[in-house]
Amino acid sequence: MIDFAGLKQQHEAISEEIEQAISRVLKSGWFILGEEIDCFENEFSDYIGTKYSIGVNSGSDALLLVLKALQIGQGDEVITVSHTFISSVDSIIRNGAKPVFIDIEPDTFCIDTTKIEQKITKRTKAILPVHIYGQPVNMDSVMEIAKKNNIYVIEDACQAHGAKFCGKRVGSIGDIGCFSFYPAKNLGAYGDGGMVTTNNPELAQKIQMLRNYGQPKKYEHNFVGVNSRLDEIQAACLRVKLKYLDKWNQNRRDIASLYNKFFKDIPIITPSEMKFAEHVYHLYVIRSGQRDSLQKKLSEKKIHTQIHYPIPVHKQKAYQELGLDAALPVTEQICKEILSLPMHPFLKEEDIHTIVEAIESSL
Ligand SMILES: *Cc1c(COP(=O)(O)O)cnc(C)c1O
């Protein structure tokens, strides 16, 4: 049995520190918006390279609250991709705005920045690029287009903690960044969690209030907010894991290199890396014309794989009445070919050999 995300091995490696961190919170008697979240927000800001970080309940809430804070709603358009997890797009729709889909590049799986400008209208308020699988989007192009058209850039960095574009961490390049701490992410909590990052003090303050019932101070409510806070126990655990993130990301990169090397003469398409970007391989995604039979054969050999994602967002049932259908040939083609192989910092070289051999014999 080869596990997909290795969360048990991860916990084994740091269990003592985690138990100490949890115990510290339990003994403190303080569980929401205390010292742990203050420290973690500061540590995360230092790591990502922004002035502010604001902890929230999930990556989905991070995106939702960011669009709310930017007052993006009815009548507005946001440019994004259909090849992503549903939340990138849900955040737009739930705020009453319209997602405008751009196709992706077949090699990076990220937004094709050469196709953005033709979709910009008077209603366009923001571009929401997704650093999918841990692969940084070409942010130079995105920022240039945003600047020229005076629109916001909201980075969906939920799969790319620590990834760099031209030396800068993703989540620090656009106006605002959104992260998820879903357990299997590169930096994962022991439950749900998320973070917003920005250099803009007004935006930071607005998100701080939005996550806490719209309160500037207790029992004063300036606008309609929500209850979406990263709690003290999760913050304490994430502080432990943040210290290991660079090492774990390096392990992921080393594993990706091994996969690439072993797949050299096998007829599948391996992930590519952009010259100026540092991919953090949240997922290692190959392409094959025989994806479905390959996945089945691997499963018979007890190798756990997944598909991220089998149905593009614009084809989801939930959105069929919204009239969002678009011509996205690359998005629609690759979702039939992609397969995510086991990828986590504790995967062993012998496991990689087993996986590669299993694939070779299944083709
Ligand atoms: C995981 C993820 C989200 C949502 O994060 P949750 O914490 O699960 O709500 C949003 N966007 C992308 C690209 C993700 O991978």
Side-chain angles (χ1 to χ4, degrees), residues 4-5 7 40 44 53-68 78-95 99 101-102 104 108-111 126-137 139 142 153-163 170-171 174 176-197 207 210-211 226-231 234-235 237-238 241 249 252 271 279-285 306-314 316 318-319 331 334-335 338 340 343-344:
F4 188 78
L7 291 183
F40 180 52
F44 198 74
S53 290
I54 307 102
V56 294
N57 254 347
S58 66
S60 302
D61 269 8
L63 288 156
L64 193 73
L65 296 182
V66 159
L67 271 94
K68 210 173 276 304
V78 178
I79 287 178
T80 190
V81 287
S82 177
H83 181 65
T84 182
F85 182 62
I86 198 80
S87 302
S88 321
V89 181
D90 248 357
S91 66
I92 302 168
I93 291 172
R94 287 175 68 193
N95 276 294
F101 295 118
I102 305 285
I104 55 170
T108 65
F109 303 109
C110 289
I111 191 164
I127 306 174
L128 197 161
V130 182
H131 305 293
I132 196 88
Y133 307 153
Q135 169 96 272
V137 168
M139 289 305 290
V142 171
V153 174
I154 303 158
E155 291 178 72
D156 184 338
C158 287
Q159 296 190 2
H161 319 67
V170 303
I176 200 153
C178 298
F179 291 86
S180 163
F181 303 128
Y182 177 76
K185 300 288 163 86
N186 289 32
L187 180 61
Y190 286 79
D192 276 313
M195 189 73 93
V196 174
T197 52
I207 303 277
L210 273 172
R211 74 168 172 186
V226 297
N227 173 353
S228 181
R229 299 160 311 204
L230 183 65
D231 69 62
Q234 297 303 345
C237 294
L238 286 161
K241 287 198 186 182
N249 279 344
R252 288 174 183 271
H279 197 320
V280 291
Y281 294 96
H282 169 55
L283 298 168
Y284 183 89
V285 178
Q306 294 188 30
I307 298 167
H308 300 89
Y309 298 91
I311 307 171
V313 171
H314 71 289
Q316 291 290 347
Y319 295 161
T331 298
I334 63 112
C335 75
I338 48 180
S340 310
M343 168 54 89
H344 61 78

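Both counts, for ligands and for their atoms, begin at 1 and track the order of listing. Positions are given from 1, in the same order as the sequence printed here.
A donor-acceptor pair under 3.5 Å links the side-chain atoms of S82 to the main chain of H314, judged by distance alone.
Side-chain contact between L283 and M343 is absent, with no heavy-atom pair separated by less than 4.5 Å. Side-chain contact between L64 and V56 is absent, with no heavy-atom pair separated by less than 4.5 Å. When side chains are defined from C-beta on, F181 does not count as touching Q234, because their heavy atoms never get closer than 4.5 Å.
Protein residues having at least one heavy atom under 4.0 Å from any atom of ligand 1 are S58, G59, S60, L63, T84, F85, S87, S88, V130, D156, C158, Q159, S180, K185, G193, listed by chain and number.
Of the options I338, T108, V280, a side-chain contact (heavy atoms from CB on, under 4.5 Å) to Y133 is made by I338 and by none of the others. The side-chain contact (heavy atoms from CB on, under 4.5 Å) test with Q159 singles out one residue from H282, Q135, H308, and that residue is H282.
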